Each structure stands twice: as structure tokens, then as C-alpha cells.
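Structure first, then comments.
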Amino acid sequence: MSSINTTLNSSASVALRLLTDASARQSSQTTGIQPKSVIGTLNSASPKFASSSSDTKIILSAQTAINYFGPGSDVAKAASFGDTVEVQTTGLDVPVDKAAFRQQVLDYLKSDAAGYDARYPDQAEFMKALKDGKVIIKTVDETSEMNWQPNVSWTIYKDGYAQGGGVTHAPIGNQALYDEMSATRGQTTGMIGSHMFYAYFAK
């Protein structure tokens, strides 16, 4: 199996390709004792999925993970310490009640948890826009031009026991567009639960 060039693909894009690669599903094999925390029974040679909406989990042998993510990737470096890798993507769910979600995001952005600091001009401007009701919240399906990328998390197992893991978070795939819009917008992205969001106001 040929490895994917991770110098041209983020962990998110590699994971998404892996999850939809039919040949990988047929040829990838898990080895050794399977992770004890994974939902379901893992008996066959095919990768296993436990999904809720767009959140997807897949179990791979360590070597398959190294092949797909590339030897120099964080996933591959960690995989070398185990025999099985659990990869999960999250963040691209669309909220059922968008109005309630938008209010939840606004409440969060106005709270101390958001971490805005009025000492910084850009953040002070965003805080004022929030107070004035000028901030608009969009969901991932309403901003497809951003080319949203899911969070990718991984857990390394050896003999069925977790050895450690990590996560990557780079939600905007179209960074050039995001940077271009910063000239006319104050903007930010974030995630609440399994839902990413884009928040902005016109300058």
C-alpha cells in the first residue's frame, strides 16, 4: 500500500481519505489484542467504525497508520510504540437546532471562558461587536467555502491497553480565503460539543 504524502495533506485530510478509501477497508488489518475500550467486537480484517453523524472512529494496525499518515507525522511517531491505533474525527456535525446553537455560541463568546482580553485591540473590537449584537454565527454547512477540516484524535494501544495519544485541530482548510476576509471582518472559529462554528462581524 502506498503512503499518502503528508507534506501536502493535513492529518484531517489524510484521515478523511482513509475513512472513505475502500481499498484500505479491504486491506487494512488489525493485529494483536484489540483495544479494550472500543465499542463492538473486532474480529475481522476490515477497519471498524463506531460513528455518530459525521464523527467517525476507525481501528488500524500500527503499520497501516504509519503508511497512511506518513513516517514523519505525529500519528506515525506515536504508532511506533504500539500495535493498534484508534483514529477518530470529530467536529463536522451540523446542529439540529441552529437557533439554539447560535445562542449557545454567543453566550460562550461573551463569557470569560472564551478568553477575550480588552487590552488587545482586535479582541476589544470583537467584544464590542458582541455587546452591540453585530456578531453573526454560521455553522459548517453554511460556510462550505471554508473547507472545514475535522479534529483528528488518535490513541495508541499495545496488547489492548492505551499507551497515549494526541489530537490535531486545524479547522479551516481554505486558509487563504480566511486570511483574505480578515481585511473586512473580525472573525474567529471554535467548537462546542461536536459542532464547529464560524463567528464574524463586518468591520
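Values below: all heavy atoms of this structure, side chains included; hydrogens, waters and symmetry mates excluded. Remember, it's a predicted structure, so these values are computed and weren't measured experimentally.
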May I have the step-by-step check of side chain to side chain contact (heavy atoms under 4.5 Å, CB included) for M191 and T90, ending in yes or no?
-> CA-CA 10 Å; M191 181 172 170; T90 58; 4.0 Å; yes
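- A 6.0 Å sphere centred on NZ of K203 holds more than 12 heavy atoms belonging to other residues, nucleotides or ligands.
- No donor-acceptor pair closer than 3.5 Å links the side chain of N151 to the backbone N or O of V167.
- Of all heavy-atom pairs spanning A62 and A79, the tightest one is CB-O, 3.5 Å.
- A donor-acceptor contact closer than 3.5 angstrom is absent between the side chains of Y178 and R185.
- With values rounded to the nearest 0.5 angstrom, L109 atom CG is found 10.5 Å from Q104 atom CD.
- Between T64 atom OG1 and I59 atom CD1 the span is 12.0 Å, to the nearest 0.5 Å.
- P171 is listed as a side-chain neighbour of H169, based on a closest heavy-atom distance under 4.5 Å.
- Taking OG of S61 as the start and CG of N67 as the end, the distance is 7.5 Å to the nearest 0.5 Å.
- With respect to F197, the side-chain contact (heavy atoms from CB on, under 4.5 Å) criterion is satisfied by exactly one of V140, T143, I137: I137.
- No side-chain donor from either of H195 and D93 sits under 3.5 Å from a side-chain acceptor of the other.
- In the hydrophobic cluster analysis, where Ile, Leu, Val, Met, Phe, Trp and Tyr join through side-chain heavy atoms closer than 4.5 angstrom, M181 is grouped together with M196.
- We find the OG-OH distance between S182 and Y200 to be 15.0 Å, quoted to the nearest 0.5 Å.
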Chi angles and distances behind the side chain to side chain contact (heavy atoms under 4.5 Å, CB included) call for Y68, V87 | CA-CA 12 Å; Y68 265 87; V87 179; over 6 Å; no
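- Between Q149 and I172 there is no side-chain heavy-atom pair separated by less than 4.5 Å.
- Hydrophobic clustering (side-chain heavy atoms under 4.5 Å, transitive across Ile, Leu, Val, Met, Phe, Trp, Tyr) groups V135 together with I192.
- Here the closest heavy-atom approach between residue G70 and residue A76 is recorded as O-CB, 3.0 Å.
- L106 and V94 fall into different hydrophobic clusters, defined by Ile, Leu, Val, Met, Phe, Trp and Tyr side-chain heavy atoms under 4.5 Å apart, directly or through other members.
- Annotation for K110: atom NZ counts as buried by contact number, over 12 foreign heavy atoms lying within 6.0 Å.
- Taken to the nearest 0.5 Å, the CD atom of Q175 stands 12.0 Å off from the CD atom of E180.
- A donor and an acceptor atom, one from each side chain of Q163 and Y157, are nowhere located under 3.5 Å apart.
- Side-chain contact between W154 and T168: present, with at least one pair of heavy atoms (C-beta onward) separated by less than 4.5 Å.
- Residues Q63 and I66 meet the side-chain proximity criterion, which asks for heavy atoms closer than 4.5 Å.
- Side-chain contact annotation: N147 with E145, donor-acceptor N/O pair under 3.5 Å absent.
- Taking hydrophobic clusters as Ile, Leu, Val, Met, Phe, Trp and Tyr residues chained together by side-chain heavy-atom distances below 4.5 Å, F126 does not share a cluster with Y198.
- No donor-acceptor distance shorter than 3.5 angstrom exists from the side chain of E86 to the backbone of T84, with no hydrogens or angles considered.
- D117 contributes no side-chain N or O that, together with a main-chain N or O of Y120, makes up a donor-acceptor pair within less than 3.5 Å.
- With hydrogens and angles disregarded, no donor-acceptor distance shorter than 3.5 Å links the side chain of Q103 to the backbone of A100.
- The structure places OH of Y161 at 12.5 Å from CG of D83, a figure rounded to the nearest 0.5 Å.
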Could you go step by step and tell me if K134 and E125 meet the salt bridge (Lys or Arg N to Asp or Glu O under 4.0 Å) rule?
-> CA-CA 11 Å; K134 295 180 179 179; E125 189 178 14; over 6 Å; no
Using the salt bridge (Lys or Arg N to Asp or Glu O under 4.0 Å) rule, take K98 and D141 through it: C-alpha gap first, then chi angles, then the decisive distance, then the call.
-> CA-CA 11 Å; K98 290 186 178 181; D141 62 316; 2.7 Å; yes
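- Of all heavy-atom pairs between Y108 and S111, the closest is O-OG, 2.6 Å.
- Side-chain heavy atoms closer than 4.5 Å link hydrophobic residues (I, L, V, M, F, W, Y) into clusters, and following such links, possibly through other members, connects V105 to L130.
- A 4.5 Å side-chain heavy-atom check between T139 and F101 finds at least one atom pair inside the cut-off.
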